[in-house]
Amino acid sequence: MDTVKNILSTSFSLALARAYPTICDADAMIQLAKQPQFGDYQANFAMVMAKRIKQAPYDVARRVVQQLGTSDVWDKLEIAGPGFINISLSDAFLQTRLQLLLSDNRLGIPLSTSPQVVVVDYSGANVAKEMHVGHLRSSIIGDTIARVLDFQGHRVTRQNHVGDWGTQFGMLIEYMIQTKQQDTATRQITELNALYKQAKQKFDVDEDFATRARARVVALQGDDKQTTEIWKGLVAISKEHFNDIFTRLGIGLRDEHIRGESFYNDRLADLTQELEHDALARVDQGALVVELEGFIDRDDNPLPLLVRKSDGGYLYATTDLAAAKFRIEVLGADRIVYVTDARQAQHFAMVFAVLDKAGWVSEQVSLEHVSFGSMLGKDKKPFKTRSGEMISLASLLDEASERAARVLRDKNSDLSSTEVVTLASNIGVAALKYADLKTERIKDYMFSWERMIAFEGNTAPYLLNAYVRILSVFRKGCLTLQEVVEAGGRIVITNGRERELAIRLLELPDVVETLGKELLPHRLCNYLYALASTYHRFYEACPVLLADTIELQHSRLALSALTAQSLKQGLELLGIHTVDKM
RNA sequence: GUCCCGGUAGCUCAGUCGGAUAGAGCAACGGCCUUCUAAGCCGUCGGUCGGGGGUUCGAAUCCCUCCCGGGACACCA
């Protein structure tokens, strides 16, 4: 099924080609009307076109409108201002389209005509450490991107590139052995977290320990039995912890998506040798580096990418190169999306540049750093505890539930205490995720419990409530959402509120299509908020169960059902589950 | 010092490829429940779009420059 915008674009492009056969690359520039008095959609090409061919914009618009003639899609085309074409969609078209959506479980969201293999790299927590707020945004944003691309029919491979290798594990394992705490069978992630901190402290002050820790890294790399056993134990405990957090957060990452740094370990030597052999890398001050253009260090010297330390060890850049190579060559990636914070922008720019220079990535493969800003507290400083520590996701989730429960008890006394607990955990997580997704991801975002858990404004509770309210109407009429959808009532547009809602419902496919390209989840959030507000206005003005005629009742039930499904599907793409009452 | 990202209403944020009179929410104030969840709706108030130049029929959006804030910049990840 094609989207409304695409239908209009196609018609206008054809008319443009007929009106101006010599110009073949003109875009009709179709968009939603900015103001209600400008119709439903508008075409803005005439001004741009007029400049190119040196004619009056109004004349260009008129010539194209003549070519367009009449159509079932619109019942009015008006040229306004300098040359805007205002499009009023016909009620018949709206009704037909809505009817199609009602019988389509994809709500008109098209499957990609050119599905790609897309690797989405997100979350990336560290083994032997608790997941904390530093992992939250990547997990939430990455999961949404994976869900959207997946729904569009792309072959999505989720990759959790966990930090499970490197000097810190030598340090931790050595400390565990020295303090006779190497038994990992019954240990909790919080204990490992504490041991890690102790080990780090000792490492910084105790030279002898630091030396032994470094030797332990060599032992780990050399497959030493005792060391490897402990390491495996650490990984196992961490996986359990990740799964626990992901389950609570509703993040679609499991064991099979974990491919940590250790996985690429035995590819690094070959990779650096290949770079050296092809004369792309050279030894500088003992380290192996790849020279790049356009990167300057703080002393104005050219900045190369370091791929092997002077002590022979490898760096995360080396691992990232190996991972990208693996994803392209073995996983067959057409597109690789890295969901990490904005501070790593230069790192990825350099890694991408080396991949390109080495010829490991063809022009058909797109590499994208989907970056995001930091989480800030109310003081506009990084969001941490009072003592300056990272807040664990476990405690963050606990607080989200508690706060949601408090609001629920406050607002609705009809809920049983077990219902409150179940609902609160869902609503708390929804609020947490939605607050993160609703601002443009590149900007830093200010974390505020009060704002995210509020039931007013552009928040998850507001959207969930709109959904619940629709179900409540159905319940009052002794119907379920499923029954209303299956009944497929004939939709008729009889007033402005119904029309406004209809136009909004038909927009969802375009929003998702754009999201798949731009990977900006806040656009979907803004759409869902607009949809919920539009429904609330409809709800105020248009009685559903008490509509004047049975036909009107069926039509409004169908509009309500489409709204409920759109909200549910939209939220699902954001990784948020709806609730049936609240 | 070089580069990257931000700066829009008191606060938090939208603003799509350069399009029409810059929009929401919160806060403040005023209305609307014998009728499907008032967790809602309607209204009022609120702007030199960081400053200054430029390009254009048209600039929050593009270019230049300056100011402010954040970040990155070789052997950590």
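Reckoned from all heavy atoms, side chains included, excluding hydrogens, waters and symmetry mates. In what follows, every chain begins at residue 1, and chains take the letters A, B, ... in the order their sequences are listed.
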The side chain of [X] is closest to which nucleotide in this list: [options]?
X        : options                : result
A:Arg343 : B:rA38, B:rA74, B:rA72 : B:rA72
A:Arg451 : B:rU12, B:rC75, B:rC36 : B:rU12
A:Glu456 : B:rA74, B:rC17, B:rC26 : B:rC26
A:Lys380 : B:rU12, B:rG19, B:rA74 : B:rU12
A:Gln346 : B:rC75, B:rU37, B:rC73 : B:rC73
A:Pro304 : B:rC41, B:rA74, B:rU35 : B:rA74
A:Met446 : B:rA14, B:rC17, B:rC13 : B:rC13
A:Leu306 : B:rA20, B:rA74, B:rG19 : B:rA74
A:Lys443 : B:rA39, B:rC41, B:rG7  : B:rG7

Item to check | Trace of the side-chain contact (heavy atoms from CB on, under 4.5 Å) decision for A:Thr144 with A:Tyr122 | outcome: CA-CA 10 Å; A:Thr144 293; A:Tyr122 66 109; over 6 Å; no
Looking across every strand, which nucleic acid part, if any, lies under 4.0 Å from [X] by heavy atom: base, sugar-phosphate, or nothing?
X        : value
A:Gln42  : base
A:Tyr529 : sugar-phosphate
A:Asp284 : base
A:Thr439 : sugar-phosphate
A:Val48  : base
A:Ala287 : base

Checklist entry - Can you find a pair of side-chain heavy atoms, one from A:Val290 and one from A:Met350, that are under 4.5 Å apart? => result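 Side chain of A:Val290 against side chain of A:Met350, heavy atoms only: no contact under 4.5 Å found.
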Item to check | Contact check, side chains of A:Glu450 and A:Lys378, non-hydrogen atoms, under 4.5 Å | outcome: yes
Under-3.5 Å donor-acceptor pair between [X] side chain and [N] base:
X        : N      : answer
A:Asn86  : B:rA20 : yes
A:Asn458 : B:rA14 : no
A:Lys51  : B:rG58 : yes

Item to check | Rounded distance [0.5 Å steps], OG1 in A:Thr167 versus CG in A:Leu172 | outcome: 11.5 Å
Item to check | Residue mapping more 5' on RNA chain B - nearest nucleotide basis, A:Phe38 or A:Lys309 | outcome: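 Whichever sits nearer the 5' end wins; that is A:Phe38.
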Checklist entry - Is the ring centre of A:Phe84 under 5.5 Å from the base ring centre of B:rG19, and are the two planes under 30° apart, so that they stack? => result no
Next on the checklist: OP1 or OP2 of B:rC41 versus the side-chain N and O atoms of A:Tyr462: is any pair under 4.0 Å?
Outcome noted: yes
Checklist outcome for this item: Taking Watson-Crick and G-U wobble contacts under 3.5 angstrom, with | marking pairs to another strand and [ ] crossing pairs, the secondary structure of RNA chain B is written (((((((..((((.....[...)))).(((((.......))))).....(((((..]....))))))))))))....
